[in-house]
Amino acid sequence: MFKKLLAATLLLASFSALADTFTFTAIPDEDEARLQERFNKVATYLTAQLGVEVKYIPVKSYVAAVTAFRNDQVQLAWFGGLSGVRARRLVPGSEALAQGYEDQFFKTYIIANTSTGLKASDKFPVGIAGKTFTFGSKGSTSGRLMPEYYIRENLHKVPQDVFSRVGFSGDHSRTIAQVQSGAYQVGAVNYKVWETELAEGKVDPAKVTVLWSTPAYPDYQWSIRGDADKRYGKGFTAKVRAALLNMKDKDLLASFPRESFVPASNNDYAPIEKTGAAIGILDDND
Amino acid sequence: MPAEKSAQRQFSSGRRLAFVSLLFVICAFCCVPFADIAIAQSEPGRELLRMLQGLFSPHWQDIGGLLSALGSTVAFALLAVALAAVLGLGLAFLFHWRLVRIFAASTRAVHEIFWGLIFMQIYGLSATTGLLAILIPYIGIFTKVYAEIIQQQSRIPASTLSPQTPLLSRYLYTLLPQSWAQIQSYTRYRFECALRSSAILGFIGLPTLGFHLETAFKQGDYSEAAALLLIFYMLIASIKYWLKVRLIPVYLIVAVFLLPDSPAMGGSYFWQFISQDIWPRAVLEGQWGDALNWYQKQFMQLALPGIGQTLLLTQLALVLTGLLTLLFYPWGSRLLVGKKLRLGGAGFLLVMRSTPEMMLAFILLLVFGPSGLPAVIALAVHNAGLIAYLIARYSEVLTLPPDAPRGFNRYFYNITPRIYPQFLALLFYRWEVILRESAIMGILGISTLGFYIDSAFEDMHFDKAFFLIVITALLNVLVDMLSRRIRQYCQLQEQQPG
């Protein structure tokens with residue numbers, strides 16, 4: 001009895017926010033420190049375009065973004081390929097609305113510490129077997145799903161059996177830092193993050209180098225819940241899509257960072273779904 | 001002479017203490033060949049230099065954001081501890097009920113981070129999640145510890161009462177007043193721990209200091225990370241100046257307003273979570289044979305190797321914690337060092353115990369490469385900082401004879417032998433804590449139970465996560481029981497820290 005009362009009080013305390021705000025989130029994958037600042041600008045833009053109050057809430061992990069989407073805490077989200085597939089499977093009727101221009105042909109780089117003596121090549125670098133290896137976040141498309149798929153495909157073993165040690169750095173920037181320091185010998189990293197950090201001078205080319213690039217795959221996208229029209233009025237989903245596609249301000253686009261947004265559909269992510277199922281991380285009954 | 005001898009036998013638990021200590025050291029040595037503690041060649045210089053530079057140039061841009069994070073950190077800790085203390089005190093009087101004991105043992109056997117991850121599935125990123133994640137385990141802790149404190153009190157005042165006196169009055173007027181000072185001091189100590197828990201909950205997304213700390217650290221913004229850490233240290237160091245009993249009601253009211261706003265959630269996922277999400281499909285479909293197979297598979301493939309790695313790391317970390325504690329406690333004790341050194345020593349112990357283990361582990365990972373070694377050292381440093389602080393405080397109530405030895409002799413032949421039972425008792429209390437914490441070192445590429453639990457959450461396999469959390473909790477309960485046996489064997493008083 002007392003516990004129920006307590007739970008009720010706690011719940012009340014947490015329901016102070018308005019229900020009719022349109023809320024979105026973004027998976028934290030890069031330059032997290034400025035996420036709030038940058039995405040608040042996006043929220044302002046969307047508020048003006050959509051005529052409802054739009055708020056951004058920050059999350060710490062891929063799974064938190066997916067959970068918030070499932071629990072209707074957010075109605076729109078900037079997901080990675082895999083997290084988007086996961087989220088849309090949990091919310092019936094939800095749709096992929098738009099992807100970044102670059103996301104149509106996204107890539108993962110396999111990087112290595114130069115002390116390994118491994119050299120860049122066009123073919124999958126089989127020499128990485130036996131080394132220590134770090135993925136990015138466990139739920140990342142570019143930091144986990146795709147590299148794991150190509151490792152299994154080319155070496156016919158699960159990563160734990162290919163490498164002498166497998167780590168999950170949790171973040172692309174940390175993957176680079178760890179391979180650069182030699183803590184791990186080889187790693188897999190989102191090519192956009194690599195190029196950004198290279199341009200910013202955070203990468204020392206004498207210490208860490210790109211070995212191989214995966215073939216292109218579809219990645220990040222905006223997804224919206226299926227009940228958005230019912231809640232915010234007919235045609236709302238189309239309005240959101242238009243607002244996203246019309247985002248031309250360089251400053252806003254730099255938040256992602258993308259050149260522009262192009263239309264996307266759930267079907268565009270069928271390859272990701274297949275890959276996820278192939279390596280067993282999308283399998284519900286595993 | 002015979003009287004003296006029997007007195008000696010009665011008080012000399014020294015042999016048993018030595019035996020148990022030796023046993024644990026030998027056990028740790030036996031763990032070394034099996035534990036995963038290789039050192040990888042690496043050149044951490046560049047990254048470490050940047051960290052050092054950051055440390056000496058703390059910097060923070062967004063003051064408003066910082067203050068609000070500070071506010072929610074304190075608010076979560078205050079409200080959760082206040083509620084948990086009241087509920088724990090109530091339950092402590094029912095501690096003779098088995099159900100209450102089981103409740104207390106199982107709630108405190110799960111790490112706050114895991115409670116946070118569980119409640120996040122139900123209440124999203126909200127104040128409720130943050131409060132419950134601290135409240136639930138702390139109820140268990142307070143229930144147990146308060147009950148033990150009350151148990152130690154004298155029954156004589158109660159025997160002076162009329163037999164008709166109601167039970168509640170007996171408690172309120174005889175046992176509670178006697179225990180009050182100890183309860184207060186313990187609750188104060190726990191509040192410091194709750195501040196740490198609250199900050200660390202930021203790592204999974206709640207808007208506390210840890211949120212920004214993890215971000216800054218992960219992104220390599222070491223100046224910002226340093227600013228946050230320094231603020232956190234100051235917060236902990238200043239508790240004794242602002243946490244006044246009389247002001248607590250005011251603080252509590254303010255804390256309610258400081259709780260972060262949470263976005264509303266559509267519908268309740270509580271029922272779905274406990275009736276569906278946490279069970280494998282076979283259980284939901286009633287295929288008991290398949291379900292058994294499923295659980296067996298998870299146990300053999302994940303839980304068993306996870307338990308092995310977790311225990312190995314725990315045993316090593318435990319012994320190293322003990323060593324470091326003995327090395328560091330004198331720096332915080334008035335009886336062993338002068339005033340200036342002690343100030344520095346106390347500051348050092350505060351930094352040791354307040355730096356989140358995850359950050360220590362990451363720095364050590366860069367130095368030693370990925371293995372169990374950074375985990376063992378990080379756990380040992382953190383826990384040694386905590387125990388050394390408590391032991392140093394405890395040592396100051398000891399009285400020295402006028403002719404007490406000085407310097408090293410005082411350390412080796414007077415103080416250390418006298419605090420040793422207390423030291424061992426605390427170490428055994430921390431044993432289960434170390435076990436719990438070693439489970440959250442997944443970033444190091446060592447497959448502890450926590451690594452598998454974290455993976456299960458990331459893959460949204462809540463059935464797997466739930467099963468593994470139950471296993472972890474059981475392991476905790478087991479270690480807790482064992483440590484109580486050992487404390488009894490050593491005739492260690494069930495005395496509480498604080």
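Quick note: numbers below take in every heavy atom, side chains included, and nothing from hydrogens, waters or symmetry partners. Protein chains get the first letters and strands the later ones, always in sequence-line order, with residue 1 at the start of each.
There is no contact between B/F257 and chain A, counting heavy-atom distances below 4.5 Å. Contact of A/K207 with chain B is made through the side chain alone, with heavy-atom distances under 4.5 Å. In this structure, chain B has a heavy atom under 4.5 Å from the side chain of A/S137, while its backbone stays farther away. With a threshold of 4.5 angstrom between heavy atoms, B/D277 approaches chain A through side-chain atoms but not through N, CA, C or O. Contact of A/L82 with chain B is not made at all, since no heavy-atom distance falls under 4.5 Å.
Pairing each heavy atom of A/G139 with each of B/E458, the nearest pair is N-OE1, 3.7 Å. Across all their heavy atoms, A/N71 and B/I122 have their closest contact at ND2-O, 4.2 Å. Of all heavy-atom pairs between B/M120 and A/A64, the closest is CE-CB, 4.0 Å. Between A/G280 and B/H461, the shortest heavy-atom distance links the atoms O-CE1, 4.4 Å.
Here the OH atom belonging to B/Y123 is positioned 12.5 Å from the CD atom belonging to A/Q73, to the nearest 0.5 angstrom. Rounded to the nearest 0.5 angstrom, A/L282 CG and B/M460 CE are separated by 11.0 Å. Distance check, rounded to the nearest 0.5 Å: OG of A/S61 to CG of B/D454 gives 8.5 Å.
Crowding of B/I63 atom CD1: a count of heavy atoms from other residues, nucleotides or ligands under 6.0 Å exceeding 12.
Judged by distance alone, with hydrogens and angles left aside, the side-chain atoms of A/R70 form a donor-acceptor pair with the main-chain N or O of B/Q121 at under 3.5 Å. Between the side chain of A/K60 and the main chain of B/F211, a donor-acceptor pair closer than 3.5 Å is present.
In this structure, A/K138 is positioned above the aromatic face of B/F451, its NZ or CZ under 6.0 Å from the six-membered ring centre and within 45° of the axis.
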